[in-house]
Structures are given as C-alpha cells and as structure tokens.
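First comes the structure, then the notes that go with it.
Letters A, B, ... mirror the listed sequences (proteins, then strands); counts begin at 1.
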Protein chains: 2
Amino acid sequence: MNKKNWSSSKEKCTLQEILGVIGGKWSMSIIYALFTGKKRFSELERLVLNINTRMLVKELKNMEANGIVVREVFATVPPTVEYTLTTKGRKLEPIINELYKWGVEYVG
Amino acid sequence: MNKKNWSSSKEKCTLQEILGVIGGKWSMSIIYALFTGKKRFSELERLVLNINTRMLVKELKNMEANGIVVREVFATVPPTVEYTLTTKGRKLEPIINELYKWGVEYVG
DNA sequence: CAGCATCCGTGACGATACTG
DNA sequence: CAGTATCGTCACGGATGCTG
C-alpha cells in the first residue's frame, strides 16, 4: 500500500502515514458523504461528484481495510451493499468539517 | 468574512479544491514544521523527512501562491531565504494537530 | 446494482548534477 | 545556501466494457 518502508523501527506515527490512510484524492469526500448516515454504493457514486466506479471501489476498499468504513452486503435481487462509518471514521467528522470551513473562508 | 456570505464569494468550495491547496503529499508536513516558527530552506529540507529539493521547492511555491506561506529573501552571502506561515496558514494548526492526534490514536 | 478487468495517458515523484 | 535543470519511472486516475 505504501511506497516506502517507513517505520520498520519507528514507533511514531507520521503525517505521511496518516495521509496514506485518508490522504487519497477521494477519501475525505467519501467520508464526508457518509457523515449523514449509511449509503449504498450507487448513492456514493452520485454524491461524490466526478468520481468514477473504479476509484470509488478502490477508495472504499482502502478505507475498509483501514477500519474507517464498514461494508454490509444484503443478498437481495438486485444486490444491495451499504457503507457506514466506523467510530474511527466518525472521529474524523470535526476535523474534516473544520478543514472545510477553513477552505470556505480562505480558498473560496 | 462569515459563513453568511460564503455563497456570495464563490458558489462552491469543494473538498477537492481545498485538497488542491493543502492536499499535496508534503504540504501538511511542511506546514507542520513551520508551526514552530520561521524556517530556512535548508532547515525545512532537514525537518521534513524524506523530502527532496525538487519537491520542497515545488510545494513551497504552491503554498506561497496560495497565500499559506511567505517567502523572505535576504541578500547575504551565502544567500538566506526564510519561510513563515501566514495567518491563513496558521489557522491550519489546530486542524493538522487534530488530524495528527487522530492518527496517533488510530493509525499507529 | 455493485464492482471487477483492462487499457492507457498524464503527471507526480525521486535522484542527481549543476548554478548564482 | 537556495534553488534549477534534466531525466526516468511508476502509480494514480480516467474511460470504458463485462459479469454475478
């Protein structure tokens, strides 16, 4: 997942490592969309503007592997899959909201 | 500027746009290093682990263009250049600190 | 509906050598 | 010291089409 073998001996968590988890181009947007509750795959695809299927799948897998979202499959026809934030993921809510506010004020 | 007129300045400020400003691989690490005060180019190169000259220059230019850092040149021999956070940049301090705390608790 | 497979271009990134 | 210049690589990301 990561290009470099950072902390084989280090214990400290670097910003680089953190960004490896939520620093992807679409991660925060997906998390942001999930703040309002669980979402189906197609809903996320619609809510996260300009993302495409491949990227959404990729990011969701990455986030699931990192314990930020939970994936629930329902054996319906047609199939239903729902994504929810974990506690770990929900703790990002104030941070992302603050970042967003910063952006609204300073970026435009 | 308040939240009230954030629709008048520009219609949409997306997370994507915000991340275009501070979402670079090294941006946050550089900002983080600048929290403790102004730094010379070589200091940043040393403080931001694993960054190289080209990337540091690139990110600093981007951040300067976005009003996050200020670049000061001193006509000394050898030349001295110092970088400082603007108000806009310093407002990121609590956000990045929170993100860092989140990472320490959840990423490792 | 959900999401995998495939092709493919762009550009991000790194290493290094060089300059005022 | 503080950058430029140059080159090469590869991962990211976009656009499909296909399947259970």
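Per the geometry, CD1 belonging to A:Ile51 stands 13 Å off C1' belonging to D:dC12, to the nearest Å. Taking atom CG of B:Asn52 as the reference point, atom C1' of D:dT6 lies 13 Å away to the nearest angstrom. Between the CE atom of A:Met63 and the P atom of C:dG3 there is a distance of 15 Å, rounded to whole Å. Atom P of nucleotide D:dA2 and atom CZ of B:Phe74 are separated by 11 Å, given to the nearest angstrom. Rounded to whole angstrom, the span from the CD atom of A:Glu72 across to the P atom of C:dG3 amounts to 13 Å. Remark: P of D:dA11 and CD of A:Glu59 are 16 Å apart, rounded to the nearest angstrom. Between the CD atom of B:Gln16 and the C1' atom of D:dG14 there is a distance of 14 Å, rounded to whole Å. Taking atom NZ on B:Lys25 and atom P on D:dA11, their separation rounds to 11 Å, with Å as the unit.
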Quick one: which protein N/O atoms are closer than 3.5 Å to N/O atoms of nucleotides 4-11 of chain C? Pair and distance per line, please.
| from | atom 1 | to | atom 2 | distance (Å) |
| --- | --- | --- | --- | --- |
| C:dC4 | OP2 | A:Lys61 | NZ | 2.5 |

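Between atom OH of residue B:Tyr100 and atom CD of residue B:Glu93 there is a gap of 14.0 Å, rounded to the nearest 0.5 Å. Rounding to the nearest 0.5 Å gives a distance of 6.0 Å between CZ of A:Arg71 and CD of A:Glu64.
Within the nucleic acid shown, B:Tyr83 comes within 4.0 Å of sugar-phosphate atoms alone, with no base atom in reach, counting heavy atoms only.
No side-chain heavy atom of B:Val69 sits under 4.5 Å from any side-chain heavy atom of B:Thr84. Looking only at side-chain heavy atoms (C-beta outward), A:Val73 and A:Pro79 stay at 4.5 Å or farther from each other.
Note on the helix from C:dC1-D:dG20 to C:dG20-D:dC1: angle between the axes of the first and last five pairs equals 50°, rounded to 10 degrees.
No donor-acceptor contact under 3.5 angstrom links the side chains of A:Lys39 and A:Ser42, judged on distance only.
Under a 4.0 Å N-O distance rule, the pair A:Glu43/A:Arg40 does not qualify as a salt bridge. Taking 4.0 Å as the cut-off between side-chain N and carboxylate O, A:Lys101 and A:Glu98 count as a salt-bridged pair.
A distance-only check finds a donor-acceptor pair linking the side chain of B:Gln16 to the backbone of A:Lys25 [under 3.5 Å]. At least one donor-acceptor pair under 3.5 Å links the side chain of B:Glu59 to the backbone N or O of B:Trp26.
Listed by residue number, the members of residues 38-47 of chain B with any heavy atom below 4.0 angstrom from DNA chain D are B:Arg40, B:Phe41, B:Ser42.
In the hydrophobic cluster analysis, where Ile, Leu, Val, Met, Phe, Trp and Tyr join through side-chain heavy atoms closer than 4.5 angstrom, A:Met63 is grouped together with A:Val81.
Partner of B:Ile22 under the side chain to side chain contact (heavy atoms under 4.5 Å, CB included) criterion, chosen from B:Ile95, B:Ile96, B:Ile68: B:Ile68.
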